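What follows is a single structure, written as structure tokens, with notes after it.
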Amino acid sequence: MTTKRSIQPGVETKKTYCRFCHNYCAMEVDVLDGKPIAVRGDTSDPVYGGYTCIKGRQLPQAYDHESRITQPLKKLADGSWQEISSGQALDEIAEKVKTIIEKDGARSIATYCGTYSFQESAALAVSRAFHEGIGSPSYYTSVSIDQPAKGIALSRFGVWAGGPHSFEGADVALIVGCNTLISHYTPYGGIPPFSPRKALNKGLKDGIKMIVIDPRKTEVARKAHIHLQARPGEDPAVLCGIIKVILDENLYDAEFCEQFVDGLEELRDAVKNFTPEYVELRAGVPGELVVEAARVWGNGKRGTATAGTGPNMAPRGNVMEHLLHVLNTLCSRFNKEGDKVPNPGVLSPMGNRKAEVIAPWSAFGKDFPQSRIRGLSECCGEMPTAALNDEILKPGEGQVKVLFNIGGNPMVAFPNQSKTVRAMKALELLVCIDVKMSATAVMADYILPGKICLERDDAPVMADTWFDVPYTHYAEAIVEPNGDLIEEWEFYWEIAHRLGIELKLGGSILPMDAAFGVATGGVIPTDHKPTKFEVLELVTSGTKVPLREIRSKKGGFIYESIDCVVEKGDSTARLQLTPPGIADEIREIRGEHLSITGIPEKDGAYTHLLTSRRLNHVYNSSGQQFDAVKEKGTTNHAYMHPDDLLKLEIDSGDLVQISGPGGIITAVTKAEGTIQQGVCSLAHGWGFHPDYDDNENVREIGASSNRIISDEAEYDPISGMARQSAIPVNIAAL
Ligand SMILES: Nc1nc2c(c(=O)[nH]1)N[C@H]1C(S)=C(S)[C@@H](COP(=O)(O)OP(=O)(O)OC[C@H]3O[C@@H](n4cnc5c(=O)[nH]c(N)nc54)[C@H](O)[C@@H]3O)O[C@H]1N2
Ligand SMILES: Nc1nc2c(c(=O)[nH]1)N[C@H]1C(S)=C(S)[C@@H](COP(=O)(O)OP(=O)(O)OC[C@H]3O[C@@H](n4cnc5c(=O)[nH]c(N)nc54)[C@H](O)[C@@H]3O)O[C@H]1N2
Ligand code: SF4
Ligand SMILES: [Mo]
């Protein structure tokens, strides 16, 4: 894995990939005396071609930044921290866990896997195995406060086993509230995020027409042929309007629908009153532009409709995601029999892709472990994170007493910050694996310092089928660990070992994973500690290329020999355009009372709708401590239209008070001419902890949007997710 360079005596250049975010850019790192001294994109990588961003370039600073925790910390009775060894910390934690399981049952032990559990490639599989092993359903991840609607919609709709069209080769793309150029996030078929500007420009050059729905003229929207600058939260209405045109003008694939689809007539009836005039009134976009969007979409041959976080976090995310499946299905934007599947996955098990439907499956409801809160249940294999605070606070059988917070930051990520404070305080044991003293770690009983990516082995398990070619990359640890550190999977192994619990990796959780994702199999040895490589071999069991072979390559590699063509199908299952409840929900949306300006009356009086967004230089609450990032800004601005600032008689940069259903924050405004009037766009993950900051130092630390979001005022009935975007708020000058 090592190539010598003569830049400085003793410096070795090693290949790896960045895991600051989920984009996994291939990198070269100069290492001196076991420490990283410089990073740059690996220009020889066949997928990334040298691409990096400002966040990843901070990895050498992240390695020994003054904010980094390098020794396990235990909180003493007087609130001070004591440095202890990881062995002692694990012994004490295991002892406490054992006592609490005996006293309160296994359900009292909960895990919350935050974003960095997704970057450590064995964390999810092993933490899940731990919960299976002790018999605790209290397993939570950030997915249920991100886009739980994606899993819910698939489970109700069914899946086309041949897979969706890719961006490459498409002539049309419909992108709803997803800003890949900044977030490097893209759902199947969206803009490839690996070097996103290059991929987008290539697509445009090849003739792709993009339709973007976003209340902001985002970096992606600026490249669109049609930008529908719809009012936040009104995506279901816009999508129903588009579907109505597709159906009315016969722009759909009737033959495909006849063969593989149920519910066409009921759908037609449900959307019949979403006329262009109605959509214009309701969503604030010209009706003729909606018709044009429908025609551009419907007349295309290849391309996928996808959505990002914004519309998923607004109300009715489940319907919104469902309507995207409807659009893709009506126009049969799928790989058909004989088509090549660009990437069936390298770390995923062998298996054929067929031109057939995987039937809908049950993913939530009465047959699953029940939440004790708001009538919710486990959903798509995990409990609803928006209800975790209440599971901690509500006494009685099943009350959560212990929380392992793995690479997450509930204090700024969970809705209703004041409730999160109470919940974290109520725990008998809070363990955080983190790299810095986060707003949540400050409340922990134990902080175990995690490794940064350069210090550990990983394979891009999560991204396996995201690449648009059969690409993968095994990254070995390339620097010495800077302290007494622990990996996320290792934490669970160490506790399981001390409790004598067997860690059995399960199969795929959803049929969707079996079709598109990675399987896990085997038993992790409990009596002796396996290496990370051995664990990853188990996590990727059945992989198309042996992990050992992948490890032996230098850097990322495309496995050209993996060739997958969609075979003839034999299943009789059908995709469901209107599974139970969907048509009624669409009619319910149409039945909502609107004011004369088109705004639904149910939200009452408010001055603005607050929307979520991402910022280039930080990753949620990560990165704010680095010098180069601070130069980009030390606050998360409240972006507003200049005319809105004028109405408040303030200038860009002045402070405002934003009051929402869950509380009040102060924020620093910034004028953005291309944002819709009446919208305020604010990134989450900023601010700190109400016991330590009081909205005063917002220019230095930013403002927490979750301080004003309520988990109870409005939430999704299936996932429990709070209204995290398109939130009615009142904004006043300070
Ligand atoms: N209002 C509102 N709420 C939201 C959202 C929103 O848009 N608006 N977005 C939601 C979404 S999409 C998500 S994914 C969640 C995010 O929810 P979380 O994952 O809970 O939040 P993060 O801020 O990403 O927390 C990451 C934590 O990991 C730590 N960390 C950084 N590097 C490492 C490392 O190498 N190892 C380890 N172990 N830890 C590390 C950081 O210091 C930080 O404390 O928030 C959700 N909440
Ligand atoms: N640089 C950077 N990258 C990140 C992150 C980060 O913090 N910084 N966070 C990571 C995480 S956890 C995730 S989940 C992904 C998310 O990735 P994306 O989903 O691409 O996130 P955003 O860039 O916020 O794009 C969401 C868009 O939705 C729009 N929007 C808000 N409300 C609505 C609405 O009601 N309707 C419509 N149509 N649009 C709406 C916003 O204006 C915004 O442009 O990004 C990841 N990548
Ligand atoms: S986009 Fe940036 S942070 Fe994400 S993996 Fe690439 S370099 Fe790292
Ligand atoms: Mo996320």
Side-chain angles (χ1 to χ4, degrees), residues 17-25 27 39 41 48 51-59 62 112-120 123 141-143 145-147 176-187 193-194 212-216 218-221 228 230-235 238 307-315 320 385 405-415 432-441 448-453 487-488 609 611-623 675 679 681-685 704-706 709 722 724-727:
Y17 68 86
C18 176
R19 281 143 275 170
F20 198 113
C21 90
H22 56 282
N23 203 39
Y24 304 159
C25 299
M27 277 183 166
V39 299
Y48 296 89
Y51 181 82
T52 58
C53 83
I54 177 173
K55 301 181 291 301
R57 293 193 292 269
Q58 307 314 309
L59 282 173
Y112 167 67
C113 281
T115 43
Y116 280 87
S117 313
F118 291 77
Q119 314 331 350
E120 193 275 272
T141 80
S142 51
V143 169
I145 49 170
D146 186 329
Q147 300 167 83
V176 191
C178 187
N179 196 17
T180 310
L181 289 179
I182 295 299
S183 67
H184 302 96
Y185 168 74
T186 210
F194 315 109
V212 171
I213 310 180
D214 200 304
R216 292 189 304 132
T218 58
E219 286 72 3
V220 168
L228 297 172
R231 194 172 288 138
E234 296 306 342
D235 308 279
V238 178
T309 45
N312 268 279
M313 290 178 179
M320 191 282 307
T385 295
N405 166 40
I406 313 297
N409 195 355
M411 277 301 304
V412 289
F414 289 8
C432 291
I433 303 188
D434 208 308
V435 292
K436 68 176 182 190
M437 192 58 81
S438 74
T440 309
L448 299 178
K451 288 184 181 171
I452 66 163
C453 57
E487 294 190 32
E488 289 69 6
L609 289 172
T611 55
S612 62
R613 71 175 294 152
R614 262 77 195 144
L615 300 172
N616 193 38
H617 48 289
V618 294
Y619 191 61
N620 305 332
S621 67
S622 288
I675 199 169
V679 173
S681 168
L682 184 78
H684 84 295
S704 169
S705 57
N706 281 311
I709 289 174
Q724 291 179 182
S725 197
I727 309 152

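No experiment lies behind these values; they were computed from the predicted model shown. Nothing fancy with the numbering, it's 1 onward along the sequence. For ligands, and for the atoms within them, numbers begin at 1 and follow the listed sequence.
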Answer side chain, backbone, both or neither: which part of Ala413 comes under 4.0 Å from ligand 1, heavy atoms only. both
Contact atoms of ligand 2, heavy-atom distance to Asn616 under 4.0 Å: 1 (N)
Among side-chain atoms of Asn409 and Ser621, is any donor-acceptor pair under 3.5 angstrom? yes
For Gly685, state whether at least one heavy atom is located under 4.0 Å from any atom of ligand 1. no
Pick one of side chain, backbone, both or neither for how Asn179 approaches ligand 2, counting any non-hydrogen atom pair under 4.0 Å. both
With a 4.0 Å heavy-atom cut-off (strictly under), which part of Ser183 contacts ligand 2: side chain, backbone, both or neither? both
Any nitrogen or oxygen of Thr309, side chain or backbone, less than 3.5 Å from one on ligand 1? no
Could you pull out, from Tyr619, Tyr116, Tyr185, the option with a heavy atom nearest to atom 34 (C) of ligand 1? Tyr116
N or O pair under 3.5 Å between His684 and ligand 1: yes
One finds that the ligand 3 atoms under 4.0 Å from a non-hydrogen atom of Phe20 are 3 (S)
Given 3.5 Å as the limit, does a donor-acceptor pair link the side chain of Tyr48 with the main chain of Tyr24, or not? yes
For Ile709, atoms of ligand 1 separated by under 4.0 Å from a heavy atom: 1 (N)
Nearest heavy-atom pair of Phe20 and Cys18: which atoms, and what distance? N-SG, 3.3 Å
Indicate yes or no: does an N/O atom of Asp434 lie under 3.5 Å from an N/O atom of ligand 1? yes
Mark yes or no for whether Asn179, through its side chain, and Val220, through its backbone, hold a donor-acceptor pair below 3.5 Å. yes
Test side chain to side chain contact (heavy atoms under 4.5 Å, CB included), reference Met313, set His684, Gln147, Gln724, output is Gln724
Number the atoms of ligand 2 from 1 as they appear, then name those within less than 4.0 Å of a heavy atom of Thr218, with their elements. 44 (O)
Which is it for Ser705 and ligand 1 at heavy atoms under 4.0 Å: side chain, backbone, both or neither? side chain
Looking only at distance, does Ile182 have an N or O less than 3.5 Å from an N or O of ligand 2? yes
Nearest neighbour in protein (non-hydrogen) for atom 5 (S) of ligand 3: Tyr24 N, 3.3 Å
Among all protein heavy atoms, pick out the one at the shortest distance from atom 8 (Fe) of ligand 3; state its residue, atom name and that distance to 0.1 Å. Cys18 SG, 2.3 Å
In terms of atom number and element, which parts of ligand 2 are under 4.0 angstrom from non-hydrogen atoms of Leu615? 1 (N), 2 (C), 8 (N)
Decide whether the shortest distance between a heavy atom of Gln119 and an atom of ligand 1 is less than 4.0 Å. no
Heavy-atom contacts with Thr611 under 4.0 Å: which atoms of ligand 2 show up? List them by number with element. 31 (C), 32 (N)
What atoms of ligand 2 come closer than 4.0 angstrom to any heavy atom of Val176? 38 (N)
Run the contact test for Ser681 against ligand 2 with a 4.0 Å cut-off on heavy atoms, strictly below, and give the result. no
Option of least heavy-atom distance to atom 35 (O) of ligand 2 (set: Ala726, Gly233, Ser725, Pro215): Gly233
Where ligand 3 meets His184 - atom numbers and elements under 4.0 angstrom, heavy-atom basis: 1 (S)
Give the residue, atom name and distance (to 0.1 Å) of the protein heavy atom nearest atom 4 (Fe) of ligand 3. Cys21 SG, 2.3 Å
Does at least one non-hydrogen atom of Arg19 fall below 4.0 angstrom from an atom of ligand 1? no
Can you find an N or O of Val412 that's nearer than 3.5 Å to an N or O of ligand 1? no
Any atoms of ligand 2 less than 4.0 Å from a non-hydrogen atom of Lys55? List them with their elements. 1 (N)
So the atoms of ligand 1 within less than 4.0 Å of a heavy atom of Glu488 turn out to be 36 (N), 37 (C), 38 (N)
Could you list the atoms of ligand 1 found under 4.0 angstrom from a heavy atom of Ser622? 31 (C), 41 (C)
Step-by-step side chain to side chain contact (heavy atoms under 4.5 Å, CB included) determination, Arg614 to Asn620: CA-CA 8 Å; Arg614 262 77 195 144; Asn620 305 332; 4.0 Å; yes
Of all the non-hydrogen atoms in the protein, which one sits nearest to atom 23 (O) of ligand 1, and at what distance? Ser621 OG, 2.5 Å
Could you list which atoms of ligand 1 come closer than 4.0 Å to a heavy atom of Asp146? 12 (S), 14 (S)
From His22, His184, Met313 - option closest to atom 46 (C) of ligand 2 by heavy atom: His22
Measure from atom 7 (O) of ligand 1 to every heavy atom in Arg613, Lys436, Gln724, Arg614 and give the option owning the shortest one. Arg614
Under a 4.0 Å heavy-atom limit, does Val618 contact ligand 2 with its side chain, its backbone, both, or neither? backbone
Output the list of atoms in ligand 3 that are nearer than 4.0 Å to some heavy atom of Cys53, sorted by atom number. 1 (S), 2 (Fe), 3 (S), 7 (S)
Is there at least one pair of N or O atoms, one from Asn620 and one from ligand 1, spaced under 3.5 Å apart? yes
Atom indices of ligand 2, in the order listed, that fall short of 4.0 Å to a heavy atom of Ala314: 35 (O)
Identify, for atom 41 (C) of ligand 2, the protein heavy atom at the shortest distance, and state residue, atom and that distance. Ser612 O, 3.4 Å
Atoms in ligand 2 with a heavy atom of Asp235 nearer than 4.0 Å: 34 (C), 35 (O), 36 (N), 37 (C), 38 (N)
So, does Tyr112 sit close enough to ligand 1 that a heavy atom of it is under 4.0 Å from the ligand? yes
Selection from Leu448, Val143, Ile145 by shortest heavy-atom distance to atom 11 (C) of ligand 1: Ile145
Atom 26 (C) of ligand 2: which protein heavy atom is closest, and how many Å away? Gly177 O, 3.2 Å
